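Data block below; observations after.
Any value given below was found using the heavy atoms of this structure, including those in side chains, with hydrogens, waters and symmetry copies removed. All of these numbers come straight from a predicted model, not from anything done at the bench.
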Amino acid sequence: MEARRRSSSKLHSKPTTPTTTKASDALPLPLYITNAVFFTLFFTVVYYLLSRWREKIRNSTPLHVVTLSEMGAIVAFVASCIYLLGFFGIDFVQSLILRPSPEMWTSEEDEEDDVIIKEDSRQLPCGQALDCSLVTAKPAKLIETVPVRAPVSFTSEDDEEIVKSVVDGTTPSYSLESRLGDCKKAAAIRREALQRVTGKSLSGLPLEGFDYESILGQCCEMPVGYVQIPVGIAGPLLLDGSEFSVPMATTEGCLVASTNRGCKAIHLSGGASSVVLKDGMTRAPIVRFGTAKRAAELKFFLENPANFDTLSVVFNRSSRFGRLQTIKCAIAGKNLYIRFCCSTGDAMGMNMVSKGVQNVMDYLQDEFPDMDVVGISGNFCSDKKPAAVNWIEGRGKSVVCEAIIKGDVVRKVLKTNVEALVELNMLKNLTGSAMAGALGGFNAHASNIVTAVYLATGQDPAQNVESSHCITMMEAVNDGKDLHVSVTMPSIEVGTVGGGTQLASQSACLNLLGVKGASKEVPGANARLLATIVAGSVLAGELSLMSALAAGQLVRSHMKYNRSSKDITKVSS
């Protein structure tokens, strides 16, 4: 019974916030009064001394001859200088030393959301992970990118009681964070309970070396560890006059090396150039009426230019950065699909556009009371699915990137020739894809590069579906001597704030590219730059793989770099 009482008190206990002793607490007066006194003293004695010295100059009196009052003023001047130079702003200086330097990861809206998340973090059913591998497992040595906390043990009776309650089902696994007030211990207990229930070891899944509190309530629920994906660097990619070292997270051999070769060919040929054709995230709710005629009336109302300004005001009030751009509708019987498109600043923008759409739906409900909102998303958006509407209309950032590769670079670096590349592109990427009935897949392997860059920079990896829509074009130019190559990608969905971009590893990769956080100068500039980098990297990847195919190098390179020589029979299970 005593052990159970201790366990219950531990489950409901709240962590206390340690108090910090400030250096200014040693002052006899409050800091702001002390500062005011010395400020006044400093300016007063300076004014007095300047007045006295001016009078001495007029009367031809030596400056070194001082009166008692002047000596007191000099002493006060020295004392105030010492204070102002050595002690003024002591709270500010101390805060800079003790407080971590702030990172510009989010816009003001995202910062407000972060505050809400932090305030409610102890009540949110999200999980963390901690080292609770089986006794036989040894923790792997990791390169730390975030502060690593001390491992949590399960030797106490309290911890054992909690683990047993999770195994028995009396304590829900998802509630451990809110009950314990310690995300790391919650994940450790969850992990140990999972191992006992399944009888399977998680010793190979790393636990230490990750800031699990950073995902609380926003990135992953009920985690028991994290997966390691190696990150390679391709480049430098010379794009629009700037060089970028492109991080790529992948487990596929040859991918980084191939993209790196493409970057080299582009660099030796003078670089690539890109243009952002369109920038707008979409959301398309589905509404239903009693008749198709009534659905058509709403369609005409929404597409009437005279109503756009009113709808924009309603939509835009949900965000400082979300600005309504277009509304397009499609009817299926008495069902109406409404595709809203809006700018989203440096965020990928799904939540932003959803909030604006909800505002418009509430407004339309008053104008069309017989409207039934079936769902905030009706797949006419279309998110994370191959869709012609994204291929034609675009979603996120629509980018075209091109380069002219010199003939000698094609021969010496890419080991092929211009004529062979042009022919292969026509027969493979264009004709072959058409024969397969491809939707937006007129390329060699754009999704390879998109997914690798997305994983490294904290994007939503599921959005590689529409973000990989790409048509690769190749043409001989300059009398057939050089190669013009381009990629057109109508729906690159990226952001530099929110989601996984705030995690330490992904944030570091964004920082490497110079697009970390929100742009202070031009809202949305960082996200648009990231989209062009993705397109430029795809251009490099397409160029290299097509060259390998034309030269018959693909199988040889994969046999060399994509096959492990490790004897798997000797690897412990």
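- Gln502 and Gln218 share a side-chain donor-acceptor pair at under 3.5 Å.
- In terms of heavy atoms, Ala444 sits closest to Glu542 at N-OE1, 2.8 Å.
- Residues Ile189 and Leu180 form a side-chain contact, since some pair of their non-hydrogen atoms from C-beta on lies under 4.5 Å apart.
- Taking both residues in full, the closest heavy atoms of Ser343 and Met352 are given as O-SD, 4.3 Å, listed atom of the first, atom of the second, then distance.
- Ser203 contributes atom OG, which lies 8.0 Å from atom CZ of Arg191 (distance to the nearest 0.5 angstrom).
- With hydrogens and angles ignored, the 3.5 Å screen pairs a side-chain donor or acceptor of Thr170 with a backbone N or O of Ser165.
- Within the 4.5 Å cutoff, no side-chain heavy atoms of Leu529 are placed close to those of Asp240.
- Proximity of a side-chain donor or acceptor of Tyr454 to a complementary backbone N or O of Glu493 within less than 3.5 Å is detected.
- Looking at every heavy atom in both residues, Ala462 comes nearest to Glu466 through O-OE1, 4.4 Å.
- With a 4.5 Å cut-off on side-chain heavy atoms, Cys401 and Leu239 count as touching.
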Practice problem: Please step through salt bridge (Lys or Arg N to Asp or Glu O under 4.0 Å) for the pair Glu177 and Arg190, ending with a clear verdict. | Solution: CA-CA 10 Å; Glu177 282 74 20; Arg190 178 182 298 113; 2.9 Å; yes
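- Counting heavy atoms from C-beta on, the side chains of Val357 and Phe315 come closer than 4.5 Å.
- Taking each heavy atom of Val163 and Arg196 in turn, the nearest pair found is CG1-NH1, 3.4 Å.
- With Val487 as reference, Val538 is the one residue of Val538, Val400, Asn443, Leu543 to meet the side-chain contact (heavy atoms from CB on, under 4.5 Å) rule.
- Ring planes of Trp391 and His469: perpendicular class, angle over 60° (limits at 30 and 60°).
- Remark: the Ser447 side chain and the Ser468 side chain contain no N/O donor-acceptor pair separated by less than 3.5 Å.
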Exercise. I would like to know whether Arg395 and Asp383 meet salt bridge (Lys or Arg N to Asp or Glu O under 4.0 Å); could you show each step before the answer?
Key: CA-CA 9 Å; Arg395 189 170 194 257; Asp383 186 42; 3.0 Å; yes
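- Taking 4.5 Å as the limit, some side-chain heavy atom of Lys428 sits within range of a side-chain heavy atom of Met546.
- A distance of 8.5 Å separates OG of Ser433 from CD1 of Ile471, quoted to the nearest 0.5 Å.
- Scanning all heavy atoms of the two residues, the minimum distance from Asn526 to Gly514 falls at OD1-O, 4.3 Å.
- Using a 4.5 Å cut-off on side-chain heavy atoms (C-beta onward), Thr171 and Ser175 make contact.
- Two residues are said to be in side-chain contact when any heavy atoms from C-beta on lie closer than 4.5 Å; Leu255 and His445 meet this criterion.
- With rounding to the nearest 0.5 Å, the separation of SG in Cys183 from CD in Glu213 is 5.0 Å.
- Rounded to the nearest 0.5 angstrom, Asn379 CG and Ser377 OG are separated by 5.5 Å.
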Exercise. Please assess Ser382 against Asn390 for the test side-chain hydrogen bond (donor to acceptor under 3.5 Å, both in side chains), listing each intermediate value before the final yes or no.
Key: CA-CA 7 Å; Ser382 173; Asn390 292 336; 4.7 Å; no
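- Atom-to-atom distance recorded for Thr198:OG1 and Leu194:CG is 4.5 Å, nearest 0.5 angstrom.
- Taking the side chain as every heavy atom from C-beta outward, Val246 and Ile233 never approach each other to under 4.5 Å.
- For the atom pair Glu393 CD and Ser398 OG, the distance stands at 9.5 Å (nearest 0.5 Å).
- Heavy-atom minimum distance, Ala540 versus Thr259: CB-O, 3.7 Å.
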Quiz prompt | side-chain contact (heavy atoms from CB on, under 4.5 Å) between Gln459 and Gln506, intermediate numbers included | solution = CA-CA 9 Å; Gln459 311 304 312; Gln506 290 81 347; over 6 Å; no
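- No donor-acceptor pair closer than 3.5 Å links the side chain of Arg339 to the backbone N or O of Ala284.
- Within 6.0 Å of atom NZ in Lys385, more than 12 heavy atoms from other residues, nucleotides or ligands are found, so the atom counts as buried in its surroundings.
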Quiz item: What's the verdict on side-chain contact (heavy atoms from CB on, under 4.5 Å) for Cys470 and Thr472, showing C-alpha distance, side-chain angles and the deciding distance?
Solution: CA-CA 6 Å; Cys470 171; Thr472 301; 3.9 Å; yes
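- Each of Thr457, Thr501, Asn511 was checked for a side-chain contact (heavy atoms from CB on, under 4.5 Å) with Lys516, and the lone residue meeting it is Asn511.
- In this structure, the side chain of Asn464 does not engage the main chain of Val450 through any donor-acceptor pair within 3.5 Å.
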Practice problem: Report the C-alpha distance between Phe380 and Ile286 in whole Å, list the side-chain angles of each, state the deciding distance to 0.1 Å, and finish with yes or no for side-chain contact (heavy atoms from CB on, under 4.5 Å). | Solution: CA-CA 8 Å; Phe380 189 48; Ile286 166 65; over 6 Å; no
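- Side-chain atoms of Arg283 never come within 3.5 Å of backbone atoms of Phe340 as a donor-acceptor pair (strictly under, hydrogens ignored).
- A donor-acceptor pair under 3.5 Å is absent between the side-chain atoms of Ser544 and the main chain of Gly541, judged by distance alone.
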Quiz item: Taking it one step at a time, do Ile266 and Leu539 satisfy side-chain contact (heavy atoms from CB on, under 4.5 Å)?
Solution: CA-CA 9 Å; Ile266 292 172; Leu539 182 69; 4.0 Å; yes
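- In this structure, the side chain of Thr451 does not engage the main chain of Asn448 through any donor-acceptor pair within 3.5 Å.
- A salt bridge does not link Arg528 with Asp346: none of the charged nitrogens is closer than 4.0 Å to a carboxylate oxygen.
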